[in-house]
A.B. asks: 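Please read through the structure below; I'll follow up with questions.
Because the structure is predicted, anything quoted here is derived from the model rather than measured.
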Amino acid sequence: MREFLNSNKLIFEEYLKEKLLKLQNVPQPIGQAVEYALDGGKRLRPILCVLGADFMGQDFDSIKTLALGVECIHNYSLCHDDLPCMDNDDLRHGKASTHKKFGEGIGVLTGDALLNLAFEFMLEGEHNEKYYKAVAYISKMSGIYGMVGGQCIDICNDEYREKNLDEVIKLNTLKTSCLFKASLVGSSISLGAKAEEIADLEIYCSKLGLIFQIVDDILDITSNAKILGKNINSDIKADKTTYISICGIDKAREDIKLLERDAIEVLQKYGKRADKLIDFAKYLTNRSM
């Protein structure tokens, strides 16, 4: 899996570089800020797009515009998430967050620009009906029914949010799992996935997003900023209710293994088609950064 991740990350980086070079006559510093915000990160969402293509018997070229779109959406959300009015983080991808580098106004505009660029990239040229359904699905998973809805739960005060495990799971499902769905399921839809396949991949992504976020919560306590590329203990400092604050680390680690089991189980009927998806679930369970 490590070789698959590294090779496809390099392929994506080359494609991203090629597309950014084609941006012309962009006012500064917004052009610089967009490139800055897109520089770095694990590229897990483009990788999930590739995994969707692989599941459907295709490769990166078949979903490259969608992969670029979801990565722009992901990084727009990070630009906004780091702002003082939200999580107020000054470190991202091992460097100053976008608003710390360019100022708050440009930080907001960079997020806006990346969201618009996501759809500009995805909707370039002519496409078939399946592709447009995929873009509509990505839009829904990124908006108020998905990632934005999760962000709302994350930042809203106690008047709107209950401090219990069900609410934390709902938050993590919307904020993290839905963009995983946008990537993996969206790519699969664009390549003709059947209704049953879509439903199974959505279950897989729901489990995967919870795994990712619980591991993230653990690393926020046990790792360091140099390894993670972002500030640690941020949830504790912000007095956020998280999976760890409710369940503790030992129970959280047990639940991660159960979620991994469930994610793998739903795909086992697909045989070798799902091999890389199963390996990816195991990779996320055991990641250290």
Side-chain angles (χ1 to χ4, degrees), residues 1-5 8-9 42-58 63 66-67 70 74 134 137-138 140-142 145-147 150 165-191 193-220 242-244 246-247 249-289:
M1 176 50 60
R2 180 74 63 176
E3 183 180 343
F4 176 85
L5 293 174
N8 280 284
K9 183 179 179 180
K42 294 180 281 290
R43 309 302 191 198
L44 292 183
R45 290 144 197 89
I47 293 294
L48 278 164
C49 289
V50 177
L51 287 168
D54 181 81
F55 181 75
M56 298 300 295
Q58 300 293 326
I63 49 78
L66 296 182
V70 294
H74 171 57
Y137 181 86
I138 290 168
K140 185 173 183 178
M141 289 299 103
S142 305
Y145 301 105
M147 183 185 69
L165 189 58
D166 286 342
E167 188 77 352
V168 169
I169 290 172
K170 180 181 179 182
L171 160 64
N172 292 342
T173 299
L174 291 173
K175 186 175 178 179
T176 305
S177 296
C178 281
L179 203 54
F180 280 10
K181 290 178 185 178
S183 307
L184 176 62
V185 182
S187 292
S188 302
I189 289 171
S190 76
L191 297 172
K194 298 174 183 176
E196 182 182 3
E197 294 169 334
I198 292 169
D200 289 337
L201 291 173
E202 286 184 324
I203 293 170
Y204 169 84
C205 284
S206 291
K207 307 297 181 184
L208 210 67
L210 294 176
I211 290 169
F212 180 88
Q213 196 56 57
I214 297 170
V215 171
D216 230 34
D217 290 347
I218 292 172
L219 293 175
D220 186 55
T242 67
Y243 208 97
I244 307 304
I246 294 173
C247 297
I249 290 180
D250 290 341
K251 177 66 164 60
R253 284 177 170 147
E254 290 175 11
D255 289 349
I256 288 168
K257 296 306 292 184
L258 293 175
L259 288 163
E260 181 196 278
R261 180 202 65 191
D262 292 344
I264 291 171
E265 198 171 79
V266 77
L267 297 181
Q268 284 181 328
K269 63 184 177 183
Y270 295 105
K272 290 189 175 297
R273 283 182 68 192
D275 280 354
K276 288 190 178 68
L277 289 169
I278 289 171
D279 287 344
F280 188 71
K282 293 176 181 176
Y283 165 79
L284 284 191
T285 297
N286 296 293
R287 73 186 178 93
S288 59
M289 59 181 292

A.B. asks: If we only count heavy atoms from C-beta on, is the Lys42 to Ile47 side-chain gap below 4.5 Å?
C.D. replies: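 Of all side-chain heavy-atom pairs linking Ile47 with Lys42, none is under 4.5 Å.
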A.B. asks: Could you check whether any side-chain heavy atom of Phe180 comes within less than 4.5 Å of a side-chain heavy atom of Ile211, counting everything from C-beta outward?
C.D. replies: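 No. Closest side-chain heavy atoms not under 4.5 Å.
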A.B. asks: Who pairs with Glu196 by salt bridge (Lys or Arg N to Asp or Glu O under 4.0 Å), at least two apart in sequence or on another chain?
C.D. replies: Lys269
A.B. asks: What pairs of donor and acceptor atoms, side-chain ones from residues 182-189 against any protein atom, are under 3.5 angstrom apart with sequence neighbours left out?
C.D. replies:
residue: Ser183; atom: OG; partner: Leu179; partner atom: O; Å: 2.9
residue: Ser187; atom: OG; partner: Ser183; partner atom: O; Å: 2.9
residue: Ser188; atom: OG; partner: Leu184; partner atom: O; Å: 2.9

A.B. asks: Going by the rule side-chain contact (heavy atoms from CB on, under 4.5 Å), which residues pair with Arg273 if we only count those two or more places apart in sequence or in a different chain?
C.D. replies: Phe55, Met56, Glu197, Tyr270
A.B. asks: Just verifying a value: how many Å separate Leu208 CG and Asp262 CG, rounded to the nearest 0.5 Å?
C.D. replies: 12.0 Å
A.B. asks: Do the non-hydrogen side-chain atoms of Val70 and Leu48 ever get within less than 4.5 Å of each other?
C.D. replies: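 No, their side chains stay 4.5 Å or more apart.
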A.B. asks: Look at Lys170 together with Asp166 and state whether they make a salt bridge at an N to O cut-off of under 4.0 Å.
C.D. replies: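 Here Lys170 does not pair with Asp166 in a salt bridge, since their nearest N and O are not under 4.0 Å apart.
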A.B. asks: Between Arg287 and Asp216, does at least one N-O distance fall below 4.0 Å, as a salt bridge requires?
C.D. replies: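 Salt bridge between Arg287 and Asp216, a charged N being under 4.0 Å from a carboxylate O: yes.
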A.B. asks: If you compare all heavy atoms of Ile63 against all heavy atoms of Val50, which two are closest, and at what distance to 0.1 Å?
C.D. replies: CD1-N, 3.8 Å
A.B. asks: Which heavy atom in Gly271 sits nearest to a heavy atom in Asp275, and how many Å separate them?
C.D. replies: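 Looking at all heavy atoms of both residues, the closest pair is O-OD1, 3.6 Å.
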A.B. asks: If you look only at pairs with a residue in residues 43-54, which of them pass as a salt bridge (Lys or Arg N to Asp or Glu O under 4.0 Å), with sequence neighbours excluded?
C.D. replies: Glu13-Arg43, Arg43-Glu71, Asp54-Lys276
A.B. asks: Calculate, to the nearest 0.5 Å, the distance between atoms OG and CG belonging to Ser177 and Leu171 respectively.
C.D. replies: 10.0 Å
A.B. asks: Side-chain contact, heavy-atom cut-off 4.5 Å: Leu258 with Arg261?
C.D. replies: yes
A.B. asks: Show the nearest heavy-atom pair for residues Leu277 and Leu201, with the distance to one decimal.
C.D. replies: CD1-CD2, 3.9 Å
A.B. asks: Looking only at non-hydrogen atoms, find the nearest pair between Ala53 and Leu191 and report the distance.
C.D. replies: CA-CD1, 3.6 Å
A.B. asks: Side-chain contact test, heavy atoms from C-beta onward, threshold under 4.5 Å: evaluate it for Asp279 versus Phe4 and give yes or no.
C.D. replies: no
A.B. asks: When Gln213 is tested against each of Thr173, Asn172, Thr176 for side chain to side chain donor-acceptor pair (under 3.5 Å), which residue passes?
C.D. replies: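 When Thr173, Asn172, Thr176 are each tested with Gln213, the side chain to side chain donor-acceptor pair (under 3.5 Å) holds only for Thr176.
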A.B. asks: With side chain to side chain donor-acceptor pair (under 3.5 Å) as the rule and sequence neighbours excluded, what pairs involving residues 202-212 come up?
C.D. replies: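 For residues 202-212, and leaving out neighbouring residues, the side chain to side chain donor-acceptor pair (under 3.5 Å) pairs sorted by first residue read Tyr137-Glu202, Lys181-Ser206.
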A.B. asks: Does a side-chain heavy-atom distance below 4.5 Å link Ile256 with Glu260?
C.D. replies: no
A.B. asks: For the residue pair Val168 and Tyr243, what are the closest heavy atoms and their distance?
C.D. replies: CG1-N, 3.6 Å
A.B. asks: Walk me through whether Ile214 and Leu259 qualify under side-chain contact (heavy atoms from CB on, under 4.5 Å).
C.D. replies: CA-CA 10 Å; Ile214 297 170; Leu259 288 163; 3.8 Å; yes
A.B. asks: Using the salt bridge (Lys or Arg N to Asp or Glu O under 4.0 Å) criterion, which residues pair with Lys9? Sequence neighbours excluded.
C.D. replies: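 By the salt bridge (Lys or Arg N to Asp or Glu O under 4.0 Å) rule, Lys9 matches no residue at all.
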